Asks: 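Encoded as structure tokens, here's the structure I'll be asking about.
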Amino acid sequence: MTQSSQQTGRTEVVRRSGLPLGLKRGAIELTFLAILYVGYSASRLLASNDFAPARGRALDVLAFEKSWRIDAESWLNDKFVQYDWLGLFGSYWYATTHYIVTAVVLIWIYRRSASEYVTARRALVFATIMGLSFYLVMPTAPPRMISGMYVDVLSLHSAAGWWSTDASAPKGLGGMTNELAAFPSLHAGWALWVAIVLIRANVHKIIQALGLAYAGIMTIVIVGTGNHWVLDAIVGWIVVLAAFGGVIAWERRSPVVAHEDAHIPV
């Protein structure tokens, strides 16, 4: 059977299901992403909550940064504490954009190009799985949990938002999040994913620049608010770059199999 007839057969199967093609495809994708989100949350809860070794790893991260003179946490954290407007802005940015911007870009690329969407989705999934693996194997405390050294900026502004004193978790749901999931930073990783998707989509240079600016601001915010170390962000970027590189390499080796689900029109 030829590739064209296989594609036609798949499309006919979808049509005979009784649902419009676009609606069925969208429902499948939403279900897939919902499962990913549940897995993301559940995996964080499965990680160890033993603070002593997590604090030790955090101090090891800080020692490594000092040896390379990239320990910007203290200076940035002081600025986010000194200027209330900056602290409030950082709190809302941290608690909101990570999920909203990622979802908006994912939906946008889904509607724009089925082929690019498949690549972007796979890269996001693989990067997230790699991040979760780190959380399970080596829980690491964020700067804000190192007593006497850094300030928890989101906690300072918790009265002005929906988050509690437990990171960005909504009030009353702090027990459902793992606060020792600092290394690597998926906030930084997902933000870089957004920038890469926009660049690969070949949108206007201004939009590409905004994507890179978004990734840069996210990095400053996660460090300044005391939620991540500089090294967390760097490794978060590496994880996303590795995920994209691996996905693209595999798709080039097996282009038909790799993009089989992209043949169904969006």
Side-chain angles (χ1 to χ4, degrees), residues 40-41 44-45 47-66 70-103 131 135 139-192 194 213-237:
Y40 175 82
S41 301
R44 288 171 60 125
L45 293 175
S48 171
N49 59 0
D50 190 351
F51 181 70
R55 182 179 186 275
R57 293 188 191 97
L59 295 178
D60 288 342
V61 168
L62 180 58
F64 176 85
E65 290 183 0
K66 287 183 175 180
I70 59 172
D71 53 317
E73 291 85 1
S74 182
W75 183 84
L76 275 175
N77 191 235
D78 286 345
K79 298 302 179 186
F80 275 72
V81 173
Q82 180 180 357
Y83 300 103
D84 284 340
W85 67 268
L86 184 59
L88 186 61
F89 165 79
S91 297
Y92 272 98
W93 185 280
Y94 183 85
T96 305
T97 59
H98 177 53
Y99 297 106
I100 293 179
V101 175
T102 304
Y135 298 158
T140 305
R144 61 184 173 79
M145 297 185 73
I146 306 301
S147 179
M149 296 180 65
Y150 306 97
V151 176
D152 184 348
V153 174
L154 264 74
S155 181
L156 287 180
H157 298 280
S158 60
W162 57 85
W163 57 87
S164 63
T165 57
D166 303 300
S168 59
K171 294 176 180 177
L173 299 178
M176 297 181 65
T177 185
N178 175 18
E179 296 191 73
L180 303 180
F183 181 89
S185 170
L186 286 181
H187 274 74
W190 284 16
L192 182 62
V194 167
Y214 167 67
I217 293 172
M218 179 66 79
T219 302
I220 293 172
V221 165
I222 63 177
V223 176
T225 56
N227 282 283
H228 285 283
W229 305 95
V230 171
L231 191 61
D232 296 345
I234 294 174
V235 177
W237 296 337

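In this text the structure is predicted, and so the values were computed from the model without any measurement.
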Asks: Can you tell me how far the CD atom of Glu65 sits from the CG atom of Asp60, to the nearest 0.5 Å?
Replies: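 Atom-to-atom, Glu65:CD and Asp60:CG are 11.5 Å apart.
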Asks: Could you check whether any side-chain N or O of Arg57 sits under 3.5 Å from a backbone N or O of Pro139, counting only pairs where one atom can act as donor and the other as acceptor?
Replies: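 Judged by distance alone, yes, a pair lies under 3.5 Å.
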Asks: For Asp232 and Pro184, indicate whether the former's side chain and the latter's backbone hold a donor-acceptor pair under 3.5 Å.
Replies: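 Side chain of Asp232 to backbone of Pro184: no pair is present.
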Asks: Can you name the nearest heavy-atom pair linking Asp84 to His157, along with the distance?
Replies: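 Nearest pair, atom of Asp84 first, then His157: O-CE1, 3.6 Å.
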Asks: Where is the tightest heavy-atom contact between Gly226 and Pro142, given as atom of each residue plus distance?
Replies: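 Minimum heavy-atom separation between Gly226 and Pro142: O-CB, 3.9 Å.
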Asks: Please report the closest heavy-atom contact between Phe80 and Val221, naming both atoms and the distance.
Replies: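 Of all heavy-atom pairs spanning Phe80 and Val221, the closest is CZ-CA, 4.0 Å.
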Asks: If you count the non-hydrogen atoms of other residues, nucleotides and ligands that lie under 6.0 Å from CZ in Phe51, is the total more than 12?
Replies: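 Yes - once you tally the heavy atoms of other residues, nucleotides and ligands closer than 6.0 Å, there are more than 12.
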Asks: Distance check, rounded to the nearest 0.5 Å: Thr97 atom OG1 versus His187 atom NE2?
Replies: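 These two atoms lie 6.5 Å from each other.
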Asks: Starting at CE of Met149, measure out to CZ of Arg144 and round the result to the nearest 0.5 Å.
Replies: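 If we round to the nearest 0.5 Å, Met149:CE and Arg144:CZ are 15.0 Å apart.
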Asks: Name the residue from Asn77, Ile70, Asp71 that meets the side chain to side chain contact (heavy atoms under 4.5 Å, CB included) definition with Glu73.
Replies: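 Checked Asn77, Ile70, Asp71 against Glu73; only one passes side chain to side chain contact (heavy atoms under 4.5 Å, CB included): Asp71.
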Asks: Can you tell me how far apart CG (Leu59) and CZ (Phe64) are? Round to the nearest 0.5 Å.
Replies: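 Rounded to the nearest 0.5 Å, the CG-CZ separation comes out at 15.5 Å.
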Asks: Which atoms form the tightest heavy-atom contact between Ser185 and Ile222, and what is the distance?
Replies: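 Distance-wise, the nearest heavy atoms are OG-CD1, 3.3 Å.
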Asks: Which pair of non-hydrogen atoms, one from Val153 and one from Val81, has the smallest distance, and what is that distance?
Replies: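 Shortest heavy-atom separation between Val153 and Val81 comes out as CG2-CG2, 4.1 Å.
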Asks: Ignoring hydrogens and geometry, is there a side-chain-to-backbone donor-acceptor pair from Trp229 to Ala141 under 3.5 Å?
Replies: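 Side chain of Trp229 to backbone of Ala141: a pair is present.
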Asks: For a quick test of reading the model, state the closest non-hydrogen atom pair linking Leu154 to Tyr94 and the distance between them.
Replies: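 Taking every non-hydrogen atom into account, CD2-CD2, 3.7 Å.
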Asks: Output the distance between atom OG (Ser74) and atom NZ (Lys66), rounded to the nearest 0.5 Å.
Replies: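 If we round to the nearest 0.5 Å, Ser74:OG and Lys66:NZ are 8.5 Å apart.
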Asks: At what distance, to the nearest 0.5 angstrom, does CG of Leu88 lie from CH2 of Trp93?
Replies: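 Answer rounded to 0.5 Å: 14.0 Å.
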